[in-house]
Every structure is written in structure tokens, then in C-alpha cells.
Amino acid sequence: MLINVKNLVKRYGDLIALDHFNLEVQEGEILGLLGPNGSGKTTAINCILSLLKYDKGTIELYDQPMTPDAYDIKRNIGVVMQNVAIFDELTVYENIDYFCGLYISDKHTRKKLVAEAIAFVGLGDFKKFSPKKLSGGLLRRLNIACGIAHKPKLIILDEPTVAVDPQSRNNILEGIMELNRQGATIIYTTHYMEEVEQICSRIAIMDKGKIIAMGTNEELKQMIKSGEHINLELLNPEHLELSEITALPHIISAELTDHQLVVKSGRGKNTLIAILDYLKGRNITIGKIYSEPPTLNDVFLEITGKALRD
């Protein structure tokens with residue numbers, strides 16, 4: 001086991017940021033760490049990295065206690081935080097060389113690693129550029145290169161695709177999966193559920209300082225009540241009484257937007273026939289019909305609630 005966290009407690013005065021937090025990360029996986037704002041994700045990561053003192057519990061990496069001076073362990077960790085952390089006065093190449101130099105002292109080895117990192121994130125045409133001349137997507141890729149140039153075995157990525165265009169997001173996600181194929185274990189935090197579904201082999205959902213659900217994408221979907229989403233195009237929706245749809249057996253919710261009716265049914269329940277019978281009885285004409293399984297976003301909202309968080 002690469003990471004083993006047991007009964008971690010972290011308090012800020014009366015606030016309990018981590019409440020007997022437990023986490024196991026297996027070598028070679030991509031673990032998605034999800035949670036609402038204030039759920040404790042960043043606190044947990046900072047404790048795991050030994051950047052924060054905690055009140056109770058144990059943290060082991062590579063079967064060794066993680067401490068602030070555990071430099072042999074820290075050399076095998078790469079961290080890419082949400083806020084881009086680079087030096088504006090250095091070029092792309094100089095930035096990557098500096099951060100790689102924190103771990104690799106041999107110049108010949110470092111030169112090779114920096115070149116590989118630049119090629120990996122596709123910054124070969126920009127290595128002499130200053131960061132202020134780079135787009136948001138290129139800055140994110142530079143940030144990743146600085147964190148992974150020393151070839152760490154464990155990589156922690158905190159919201160690496162925030163505010164980038166779809167092309168850059170796709171490039172970053174493909175790069176993360178390639179790092180994993182090369183042997184890196186990855187912890188990935190994001191608010192983009194589709195990214196987690198795309199790249200993560202296992203998912204942990206946090207709330208109120210603890211893990212409240214964990215499993216594969218499909219395992220998490222089996223934990224919730226929601227089943228398929230049925231989408232119906234209604235040509236004359238003015239004859240519809242939404243309350244009558246929600247009163248049908250096994251219907252969790254129904255929403256009507258313009259001419260589009262979206263119905264959520266219970267897991268394992270076939271409700272389409274009942275809906276069609278109701279619409280026929282109301283002389284409502286149906287256009288297109290399609291259904292889709294529950295998404296990870298449905299899982300997240302059902303488990304953590306829909307209330308807004310600060």
C-alpha cells in the first residue's frame with residue numbers, strides 16, 4: 001500500500017476539519033478525491049504531505065511514517081497545486097530546471113529529465129518564453145511539468161484543469177493517464193465530474209472531514225437511489241401536470257423546461273411505460289425519447305446534498 005491514513009483528526013479551534021479521516025491508496029491507481037467546498041480535501045492533502053500538523057492519527061507512505069523531515073519519501077512525490085506556482089522572471093526551461101533541481105543535483109541527469117518533461121507537456125516551442133507570454137492552458141502545462149520533471153512515483157494534482165480551454169484540458173488529461181501508464185500513482189482532485197469518470201480507477205467522496213463513499217465509478221452508482229434519466233420532447237407540454245408525473249410509482253423527480261421533460265426514476269425500475277400511458281391519456285404528443293444512466297454528478301449530489309457551500 002502506498003498511502004495509509006488512519007483516524008486523522010485536524011482541528012482549527014472549534015472547527016473539526018478532519019474527523020477521523022481514513023484513506024488507503026494502492027500503488028498504480030488514479031484515485032479521484034471529490035468533495036464540496038470546505039469538505040477537508042486540501043487539509044487532508046497538506047497533512048499527508050506533512051505540511052500541516054494534525055491532532056491525532058497516523059500517516060504512512062511506502063510503509064514508513066510520514067514526517068516533515070522524511071526527505072527520502074518526499075523525493076518520490078510530485079505536487080501540482082491549483083494555483084500556478086512558477087517564477088515569472090524565469091523562462092519555461094529555467095522554471096522546470098529549478099524545480100527539478102530541488103530533487104536532482106546531477107546536472108547531466110537533470111538536463112535529460114527537463115527535456116523529457118518539456119516534451120511530455122508539449123512545450124518544446126515555448127521553452128525560451130517567459131510565463132507572462134503563455135496562455136492559461138500553457139501555464140497549466142508548465143505547472144505540471146515543474147511538478148513531475150523529477151519522475152515522482154506519487155503525483156498529487158489539485159484542480160489542474162481549472163479555467164483552461166477544452167483542447168488544453170484534453171491534453172492535460174491524456175498526459176495524466178500516460179503518467180499513470182508509466183507507473184505513477186496519482187491522487188486527483190477536481191470539481192469536473194466527467195474528468196473523474198474518464199481517468200480515475202477509484203473514487204473517494206469526502207464531506208465534513210471524512211470519507212463518506214468510496215469505490216469505482218460503477219460501484220458508487222450502485223449506492224444511490226436514482227436510476228435512469230428519461231428525457232422526452234413534448235410538442236404540447238401545456239397539457240402536462242408535473243405533480244401527476246411525480247406521483248407515478250418509482251418516480252424520484254420530474255422537471256419541465258420549455259418542451260423538454262426530464263424524469264428521474266428509481267434504480268432498477270422501469271417507469272417509461274407508465275409515463276407514456278399518462279402522456280397518452282392527456283393527449284400529449286411526444287417527439288424524441290431517450291434515456292441515460294445516472295452520472296457521477298448524480299452520485300455526488302445525492303450523497304453530499306444539494307445545498308450550496310461557501
Side-chain angles (χ1 to χ4, degrees), residues 30 32-36 159 161-174 176-177 188-205 207 212-309:
I30 302 179
L33 184 60
L34 305 179
E159 301 275 0
T161 63
V162 168
V164 301
D165 57 77
Q167 290 83 1
S168 293
R169 173 173 286 118
N170 187 64
N171 179 278
I172 290 169
L173 295 178
E174 288 181 350
I176 291 168
M177 289 187 287
Y188 189 80
T189 76
T190 183
H191 285 98
Y192 298 118
M193 300 295 164
E194 68 278 6
E195 293 182 1
V196 175
E197 289 190 280
Q198 180 179 343
I199 71 170
C200 293
S201 50
R202 205 159 55 100
I203 302 161
I205 298 178
D207 201 13
I212 57 174
M214 177 175 280
T216 65
N217 187 26
E218 292 306 315
E219 287 170 345
L220 289 177
K221 290 177 182 179
Q222 293 299 314
M223 295 180 186
I224 64 172
K225 298 177 183 177
S226 298
E228 66 177 338
H229 295 190
I230 302 170
N231 296 263
L232 305 101
E233 181 187 22
L234 307 182
L235 302 186
N236 51 337
E238 61 273 9
H239 300 305
L240 176 73
E241 289 292 338
L242 205 58
S243 61
E244 294 177 352
I245 290 286
T246 56
L248 293 172
H250 311 305
I251 299 297
I252 294 175
S253 67
E255 295 179 0
L256 179 66
T257 305
D258 295 328
H259 290 259
Q260 196 72 25
L261 175 65
V262 179
V263 179
K264 292 184 182 180
S265 66
R267 187 162 57 86
K269 305 297 183 181
N270 189 349
T271 57
L272 180 58
I273 293 175
I275 295 169
L276 293 177
D277 286 343
Y278 167 81
L279 295 175
K280 182 180 179 180
R282 279 276 187 171
N283 294 315
I284 298 173
T285 305
I286 304 169
K288 297 177 182 178
I289 302 175
Y290 64 94
S291 67
E292 55 188 6
T295 65
L296 184 59
N297 192 62
D298 296 318
V299 175
F300 184 83
L301 290 176
E302 185 167 319
I303 289 176
T304 64
K306 296 183 179 181
L308 294 174
R309 307 293 179 96

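Values reported hereafter were calculated over all heavy atoms of this structure, with side chains retained and with hydrogens, waters and symmetry mates removed. Given the structure is predicted, the values throughout are model-derived calculations rather than measurements.
With a 4.5 Å cut-off on side-chain heavy atoms, E241 and Y278 count as touching. Side-chain contact between P237 and L256 is present, with at least one heavy-atom pair separated by less than 4.5 Å. Side-chain contact check for V262 versus T257: every heavy-atom pair is 4.5 Å or farther apart. Within the 4.5 Å cutoff, the side chain of L240 has no heavy atoms near those of the R282 side chain. Within the 4.5 Å cutoff, the side chain of H239 has no heavy atoms near those of the L234 side chain.
Across all non-hydrogen atoms, the minimal contact from S226 to I252 is CA-CD1, 3.6 Å. The two residues I303 and A213 make their nearest non-hydrogen contact at CD1-CB, 3.7 Å. Taking every heavy atom of both residues into account, S253 and T246 meet most closely at C-CG2, 4.4 Å. In plain terms, the two heavy atoms of V196 and L34 that are nearest each other are CG2-CD2, 3.5 Å. A pairwise comparison of heavy atoms in L248 and A274 identifies CD1-O, 4.1 Å as the closest pair. Closest of all the heavy-atom pairs between P249 and T271 is O-CG2, 3.7 Å.
Summarising the geometry, atom CD belonging to E255 is positioned 10.5 Å from atom CG belonging to N231; distances are rounded to the nearest 0.5 Å. A distance of 14.5 Å separates CD1 of I286 from NE2 of H259, quoted to the nearest 0.5 Å. If you take CG on L261 and CD1 on I230, they are separated by 9.0 Å, rounding to the nearest 0.5 Å. Considering NE2 of H191 and CG of N297, their distance stands at 11.0 Å, rounded to 0.5 Å. Atom OG1 of residue T295 and atom NZ of residue K221 lie 6.5 Å apart, to the nearest 0.5 angstrom. Rounding to the nearest 0.5 Å places CD of E195 at 4.5 Å from CG of L173.
For the side-chain contact (heavy atoms from CB on, under 4.5 Å) with M193, the lone residue among V299, L301, D298, L296 that qualifies is L296.
For T216 (side chain) and E219 (main-chain N/O), a donor-acceptor pair under 3.5 Å exists by modelled atom type. E302 places a side-chain N or O within 3.5 Å of a backbone atom of K225 that can act as its donor or acceptor partner. Here the side chain of N236 pairs a donor or acceptor atom with the backbone of N283 at under 3.5 angstrom.
Residues satisfying the salt bridge (Lys or Arg N to Asp or Glu O under 4.0 Å) test with R267, not counting sequence neighbours, are none. Take Q167 and apply the side chain to side chain contact (heavy atoms under 4.5 Å, CB included) test, not counting sequence neighbours, and it matches D165.
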Identify each donor-acceptor pair in which a side-chain atom of residues 198-205 lies under 3.5 Å from a protein atom, sequence neighbours left out, and give them as a table.
{"residue": "S201", "atom": "OG", "partner": "I30", "partner atom": "N", "Å": "3.1"}
{"residue": "S201", "atom": "OG", "partner": "I30", "partner atom": "O", "Å": "3.1"}
{"residue": "R202", "atom": "NE", "partner": "E29", "partner atom": "OE1", "Å": "2.9"}
{"residue": "R202", "atom": "NH2", "partner": "E24", "partner atom": "O", "Å": "2.8"}
{"residue": "R202", "atom": "NH2", "partner": "E29", "partner atom": "OE2", "Å": "2.8"}

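By the 6.0 Å contact criterion, CD1 on I273 is open, its count of non-hydrogen atoms from other residues, nucleotides or ligands being 12 or less.
Side chains of N171 and S168: no donor on one and acceptor on the other come within 3.5 Å.
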